[in-house]
Amino acid sequence: MAFIKINKENFFHNLSQFTKKTGSKNSIAIVLKDNAYGHGLELMAKLSAEFGLTQAVVRTYSEAEKIKKYFKQILILGDKALEDDSCSFALNSLEDIKKAQIGSMVELKVDTGMHRNGISIDEIEEALKLIEEKELMLVGLMTHNRSADELSSELFWQQKNFEKAVGSVTPNKNIRTHSFNSATSLRLPCENEDLIRLGIGAYGYSELPTIYDTLKLKPVLSLWAKKVSTRELKKGERVGYGGQFTAPKNMTVSTYDLGYGDGWMRSNSFEQPFVTAEGLPLLGRVSMDYVILESTKDEVCIFNDALSAGKALGTISYELMTQLHADIKRVVI
Ligand SMILES: *Cc1c(COP(=O)(O)O)cnc(C)c1O
């Protein structure tokens, strides 16, 4: 089957870069949601702990349970709050507060302009009252930025709104406050942040316009496929479903064991063929389990840079990587 190589040195390099910005490993929470952006949840948890990180962020409690042993504290973004010494839960709405189990550790998410999740600034007082009534343990106040990776001042407008929220909550509460994702951490100084929630940057990418490229990041994941069979094509013979690719000359092609069933995108095999990291265009349509290349190599690298590969496929690095199925074997190099 196709397989994924995880470059540990590059991962540690990226984490070191961000550690220089925060000044401490303890103020970095590695975001491991969605199978660690396709890299493998447990594997990346283990490597993060080996590097010295003590905090993580996931979406669900069941993800947290799989990686608890590696971290001191895990923030869960989208699940019902439960009592657990090592997990805190983001409260995305007043409803979430009502559903939370007594005694759970919670972090109040405020909506500072993204309008996706979080309670509005006007509701903070009500939320704090409810939290107290429900006997929840408030440990944090957080928000999320909608445009940190775009060339605009929106980030600063949201930061101002967050400061307002922080100003109205923290004077009488000893809690942490956090709002930085990767793009924000690349744009702004981090040394005064209680915590940054580091996702895509740790995996080696910045979707920021290049003028912002403040840190040199290195891709961690590469996708590889193995040869299944080789054949000779005569000029004019056509290959794959629909016979979409016609051999312009006699050529030797091989089938490799990667397809849309593994989470590799089929979508634009129609107009422009995707070109692999080694410069080979995919010939014809992507099948469920196979692609065809003009190569006889036993193993080929499909991509090692999700940013450029994502662009070629009309998407972003995040989507390309999170789609890669969890049962593809991950090997650390
Ligand atoms: C996914 C996520 C992050 C990480 O974002 P990156 O852009 O990958 O760094 C941070 N905070 C929240 C709330 C998220 O959902």
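Both counts, for ligands and for their atoms, begin at 1 and track the order of listing. Note that the numbering runs from 1 along the sequence shown for the chain.
A heavy-atom distance below 4.5 Å is found between the side chains of Leu215 and Lys21.
Within 4.0 Å of ligand 1, the residues that place a heavy atom are Val31, Lys33, Tyr37, Leu77, Lys109, Arg116, His144, Asn181, Ser182, Arg197, Gly199, Ile200, Tyr318, listed by chain and number.
Using cut-offs of 30° and 60° for the angle between ring planes, the Trp264 and Phe274 rings count as perpendicular.
Salt-bridge formation is detected for the pair Lys98/Glu95: a Lys NZ or Arg NE/NH1/NH2 atom is positioned less than 4.0 Å from an Asp or Glu carboxylate oxygen. Electrostatic pairing of Lys160 and Glu163 counts as a salt bridge here, judged by a charged N lying under 4.0 Å from a carboxylate O. In summary, Glu107 and Arg176 engage in a salt bridge, as defined by a charged side-chain N under 4.0 Å from a carboxylate O.
Remark: Lys46 is not positioned above the aromatic ring of Tyr70, lacking an NZ or CZ atom under 6.0 angstrom from the ring centre and at most 45 degrees off the axis.
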